[in-house]
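Worksheet for the structure shown next.
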Amino acid sequence: MSISIKKAERIKQLPPYLFAEIDRLKREVAARGIDLINLGIGDPDTPTPPHIVARLREAAGNPANHRYPDYEGLPSFRQAAAGWMRERYGLTVDPATEVVSLIGSKEGIANMAVAFVDHDDVVLVPDPGYPVYHIGTSFNGGVTYRLPLRRENGFLPDLAAVPTDVARRAKLLWLNYPNNPTSAVAPRAFFAEAIRFATRHNVIICHDAAYAEIYFGDRPPSLLELPGGREVGIEFHSLSKTFNMTGWRVVFAVGHPDVIAGLGKVKTNVDSGVFQAVQEAGIAALSGDYAIVERLRAMYRERREVLVRGLADLGLVCDPPAGTFYVWVPMPRGQTAAGFAMRCLTEAGVVVTPGNGFGEAGEGYIRLTLCSPTERLREAVERLRGLGL
Ligand SMILES: *Cc1c(COP(=O)(O)O)cnc(C)c1O
């Protein structure tokens, strides 16, 4: 006889999965034989560059890599990460104390709360935003305080509007620029303001820079290059989107040594780091041909023109993305994000993501991704034309 299985409260308290209905409809539409155009997933459609793959093949054959890795990352991987920060931002960081390797930013984001959030501590989280900031907080007994990102503020949080008692209880402030899902980029002046806020209230800034290399104007700043940035926080640099390596799970965090040490402490206790052969492939990425990153930027830029123009032609006018591979589109008057997404799927076979799936403040928007070739984006626009918006 089976025992009765009761899930932990933290699992029961997970927010309802907003995309479940879309997933069900997706299967239903696909079963009707309709060729779905998926502009819902944020995962690069082009392959990992061949020299990175070759490096993994070679490293996988080396028995020295068949053992448990150092939990904090190979010294050579951390050096390559430091080299990247020097090359990109002109920063000198100590690979031994200011860099840690992670099994994806997602892992690091979730583990930040393990390392730094006690029961009832507040974590400041952008809304709309990457769901893991809140999930990590709630799994560890913290309290999420949402910072709405609104178009009239350039999709930047209004830190001055955070009540003093909330700021006083806050442990972490999550930021993410270039931003998923709004595609906004934050100016240096905003980071300067965030650093002042963090210093005044003793809050750790965690900057998720997953899209640091996907931008269409000036290069977005690093938190760490601003005066005082290194004293108040860390930054997550993912190889996932930069080098088409989402499946590889190799990333680094860089910044304040005490914060890096805290994250490292969690990792010694719950995982044993990244497979060394994958770290070697990461070294090949970080210290290899930078032209690759430029080519990807150019590819997304072309797709962005096609989609943004095509949508405008349908009357769906949006701000062209400043960065990331997302397009954040306000809804026609009177339509909810979910209702509109449903119509795109069932009537046009185009998958889009309703903005409120990233938080309440995302209502009124849908998110489309640029992770499909231009022909597919053009076809998606033609199909949406059929909806007669
Ligand atoms: C894709 C994404 C990540 C996850 O990156 P990994 O390094 O692959 O875990 C983190 N943050 C944001 C905002 C993302 O969109």
Side-chain angles (χ1 to χ4, degrees), residues 19 38-46 48 52 73 77 81 84 99-113 123-137 144 146-147 149 155-157 172-186 205-215 220 222-223 233-254 263 266-267 271 273-275 278-279 281-282 285-286 293 296 300 321-328 353 355 357-359 361-362 367-371:
F19 305 134
N38 195 338
L39 307 186
I41 41 167
D43 194 347
D45 58 310
T46 51
T48 308
I52 301 173
F77 176 79
W84 176 260
V99 179
V100 66
S101 76
L102 298 168
I103 313 170
S105 316
K106 190 173 188 177
E107 177 255 300
I109 291 166
N111 276 332
M112 274 302 285
V123 176
L124 304 170
V125 169
D127 175 0
Y130 188 60
V132 189
Y133 311 137
H134 162 69
I135 304 281
T137 302
T144 297
R146 292 177 192 277
L147 307 173
L149 308 184
F155 296 111
L156 302 169
L172 309 177
L173 164 62
W174 282 102
L175 299 175
N176 163 225
Y177 293 97
N179 182 258
N180 174 11
T182 68
S183 78
V185 163
I205 299 182
C206 316
H207 184 219
D208 177 359
Y211 298 93
E213 291 296 327
I214 308 180
Y215 55 87
S222 161
L223 164 71
I234 67 167
E235 195 159 71
F236 294 80
H237 284 268
S238 178
L239 280 63
S240 293
K241 318 288 170 40
T242 303
F243 296 105
N244 292 346
M245 292 177 76
T246 50
W248 296 60
R249 316 314 298 139
V250 60
V251 168
F252 65 91
V254 53
L263 205 44
V266 176
K267 295 180 63 59
D271 70 57
V274 180
F275 179 34
V278 168
Q279 292 190 57
L286 291 169
V293 183
L296 286 175
Y300 291 125
T324 74
F325 44 51
Y326 302 108
V327 182
W328 188 239
T353 308
F358 303 99
R367 192 195 73 174
L368 282 68
T369 75
L370 299 174
C371 301

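Counting convention: from 1, in listed order, for ligands and their atoms alike. The shown structure was predicted, so the numbers you read here are calculated from the model rather than taken from an experiment.
A distance of 6.0 Å or more separates the ring centres of Y177 and F155. Checked against a 6.0 Å centroid threshold, the rings of Y130 and F358 do not count as neighbours. F243 has its ring centre less than 6.0 Å from the ring centre of W84.
The existence of a salt bridge linking E107 and K267 is confirmed by a sub-4.0 Å separation between a basic side-chain nitrogen and an acidic carboxylate oxygen.
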Under a 3.5 Å threshold, I'd like every N/O contact between ligand 1 and protein atoms, with atom names and distance.
{"residue": "ligand 1", "atom": "7 (O)", "partner": "S105", "partner atom": "N", "Å": "2.8"}
{"residue": "ligand 1", "atom": "7 (O)", "partner": "S105", "partner atom": "OG", "Å": "2.9"}
{"residue": "ligand 1", "atom": "7 (O)", "partner": "S238", "partner atom": "OG", "Å": "2.7"}
{"residue": "ligand 1", "atom": "7 (O)", "partner": "S240", "partner atom": "OG", "Å": "3.4"}
{"residue": "ligand 1", "atom": "8 (O)", "partner": "S240", "partner atom": "OG", "Å": "2.6"}
{"residue": "ligand 1", "atom": "8 (O)", "partner": "R249", "partner atom": "NH1", "Å": "2.8"}
{"residue": "ligand 1", "atom": "9 (O)", "partner": "S105", "partner atom": "N", "Å": "3.1"}
{"residue": "ligand 1", "atom": "9 (O)", "partner": "K106", "partner atom": "N", "Å": "2.9"}
{"residue": "ligand 1", "atom": "9 (O)", "partner": "R249", "partner atom": "NH2", "Å": "2.7"}
{"residue": "ligand 1", "atom": "11 (N)", "partner": "D208", "partner atom": "OD1", "Å": "3.4"}
{"residue": "ligand 1", "atom": "11 (N)", "partner": "D208", "partner atom": "OD2", "Å": "2.6"}
{"residue": "ligand 1", "atom": "15 (O)", "partner": "N180", "partner atom": "ND2", "Å": "2.9"}
{"residue": "ligand 1", "atom": "15 (O)", "partner": "Y211", "partner atom": "OH", "Å": "2.6"}
{"residue": "ligand 1", "atom": "15 (O)", "partner": "K241", "partner atom": "NZ", "Å": "3.3"}

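Considering every non-hydrogen atom in both Q279 and S101, the closest pair reads OE1-OG, 4.2 Å.
Of the candidates I234, L223, L173, H207 forms a side chain to side chain contact (heavy atoms under 4.5 Å, CB included) with just one, namely L223.
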